[in-house]
Amino acid sequence: MTDSGDGDTPDRTPQEDDPSGEDGSTAVGSDRAPPSKADSHGSDRADADQTAEEPSAAPGYTAGDDEDERASENPVTWFLTSDNEGVAALRDLLSTMAIVALVGLLLFAVSGIWPPLVAVESGSMEPHMEVNDLVFIVDEDRFAGDGAVHGVVTYQRGIETDERSFGSYGDVIVFKPNGDEGIPIIHRARFYVEKGENWVSEANESHIRGDTCEEVQNCPAPHDGFITKGDDTPYYDQVAGRTTVVKPKWIEGRAEVRIPWLGWIRLQFAKL
């Protein structure tokens, strides 16, 4: 250590310069020893650590600043991970819409037509189809059964090949009455006729009005097509005046699966 002497002090022996104070004396000019370098450095580190733990208090800083910075740096990641209530709600809405769209695409891929779902709003096909049923339909040329004509197995042909659907023989089809736009009809295809054919001779007499072709509407057949009938109606559609002979191009699809009551939702939207 250094001394505050004036230079006239005689030289000292090594023992006198020994800071350990073996002779029992204390340091000159101080009543306590200065801190060691190790202690001083440790105090500096402690102060630095304490300063690092304290958050910045820059003027104008808010919690939203970090959120905005994340959004600007990587908007996609921010949108997918943000805890903001508005962003979370929008994210849930978009994910729901994506699921619905995916289901719609899957149904379209299977059915080949759009829309692939129709709602039943009358009881003409009871008990095999009820009011408010939702029916999944497919393009008539897909998954056609044995003996199909234009993709449709008729009731008459179904008896021969034992092809059944919805509780009876043959296929149930969705078609535009008279080819017009409007509410389609979902009835069973009974048999196929050709233009000019006297189809009364092969019809079930309990489903016609009259004994001869001249006494029955749409006989002879004005063109090729299907004679149709609801399972719970007494007469063929062509006799009751619901439609003329159904041309194949008027068919919108063939019924495959029904889901009870789910069609009610679609019918309510149709009323809006």
Side-chain angles (χ1 to χ4, degrees), residues 60-145 151-153 164-168 171-177 179-189 230-232 248-272:
Y61 175 84
T62 61
D65 291 343
D66 184 56
E67 188 82 1
D68 294 340
E69 183 178 351
R70 289 175 54 212
S72 60
E73 289 180 353
N74 196 330
V76 176
T77 302
W78 168 80
F79 180 78
L80 295 177
T81 60
S82 176
D83 294 330
N84 182 280
E85 292 183 1
V87 174
L90 179 60
R91 189 168 58 230
D92 291 342
L93 175 62
L94 292 177
S95 62
T96 301
M97 293 174 62
I99 292 173
V100 172
L102 183 61
V103 172
L105 288 174
L106 179 61
L107 292 176
F108 174 72
V110 174
S111 69
I113 56 178
W114 188 264
L117 299 169
V118 296
V120 178
E121 55 182 81
S122 76
S124 62
M125 283 294 293
E126 292 179 352
H128 305 127
M129 288 184 181
E130 304 283 347
V131 176
N132 293 325
D133 283 352
L134 189 67
V135 181
F136 175 65
I137 63 176
V138 300
D139 186 278
E140 62 273 17
D141 292 325
R142 295 196 177 198
F143 322 117
V152 177
V153 177
R164 302 175 65 92
S165 68
F166 298 97
S168 188
D171 290 330
V172 176
I173 59 175
V174 178
F175 60 90
K176 299 175 182 178
D180 298 331
E181 296 296 335
I183 300 175
I185 294 176
I186 180 168
H187 279 176
R188 195 175 302 274
D231 289 355
D232 197 40
K249 66 180 182 180
W250 296 348
I251 299 175
E252 295 188 338
R254 186 181 66 246
E256 288 292 324
V257 180
R258 78 179 183 98
I259 307 173
W261 298 107
L262 200 56
W264 180 87
I265 299 175
R266 178 160 186 172
L267 292 176
Q268 300 312 303
F269 276 105
K271 294 178 181 179
L272 297 179

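We count residues from 1, following the sequence as given.
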May I ask you to test the [X]-[Y] pair for a side-chain heavy-atom distance under 4.5 Å?
| X | Y | result |
| --- | --- | --- |
| N132 | L267 | yes |
| V172 | I186 | yes |
| L117 | V135 | no |
| F136 | S111 | yes |

Least distance between heavy atoms, [X] atom then [Y] atom:
| X | Y | answer |
| --- | --- | --- |
| S82 | V87 | CB-CG1, 4.0 Å |
| S122 | V120 | O-CG1, 3.2 Å |
| L134 | G263 | CB-N, 3.5 Å |
| N84 | G86 | OD1-N, 2.9 Å |
| P116 | W114 | CD-CE3, 3.4 Å |

Cut-off 3.5 Å, no hydrogens considered: what does the side-chain donor-acceptor table look like for residues 253-262, sequence neighbours left out?
| residue | atom | partner | partner atom | Å |
| --- | --- | --- | --- | --- |
| R254 | NE | E256 | OE2 | 3.0 |
| R254 | NH1 | E140 | O | 2.6 |
| R254 | NH1 | R142 | O | 3.3 |
| R254 | NH1 | G151 | O | 3.2 |
| R254 | NH2 | R142 | O | 2.4 |
| R254 | NH2 | F143 | O | 3.3 |
| R254 | NH2 | E256 | OE2 | 3.2 |
| R258 | NE | H128 | O | 3.4 |
| R258 | NH1 | D133 | OD1 | 3.3 |
| R258 | NH1 | D133 | OD2 | 2.6 |

- Task: Step by step, work out the side chain to side chain contact (heavy atoms under 4.5 Å, CB included) result for I251 and V174.
- Result: CA-CA 6 Å; I251 299 175; V174 178; over 6 Å; no
- What is the distance from atom NE2 of H187 to atom CE of M125, rounded to the nearest 0.5 Å?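 Reported to 0.5 Å precision, the distance equals 7.0 Å.
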- Euclidean distance, F166 CZ relative to M129 CE, rounded to 0.5 Å: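 Output value for this atom pair is 3.5 Å.
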Let me have the donor-acceptor pairs involving side chains of residues 92-101, under 3.5 Å, with sequence neighbours excluded, atom names and distances please.
| residue | atom | partner | partner atom | Å |
| --- | --- | --- | --- | --- |
| S95 | OG | R91 | O | 3.3 |
| S95 | OG | D92 | O | 2.7 |
| T96 | OG1 | D92 | O | 2.9 |

- Task: Answer yes or no: is there an ion pair linking R188 with D231, defined by an N-O contact shorter than 4.0 Å?
- Result: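 A salt bridge links R188 with D231.
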- Evaluate side chain to side chain contact (heavy atoms under 4.5 Å, CB included) for S124 paired with D232, printing each intermediate quantity in order. CA-CA 5 Å; S124 62; D232 197 40; 5.5 Å; no
- Item | D139 side-chain N/O to I113 backbone N/O, donor-acceptor pair under 3.5 Å |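 No.
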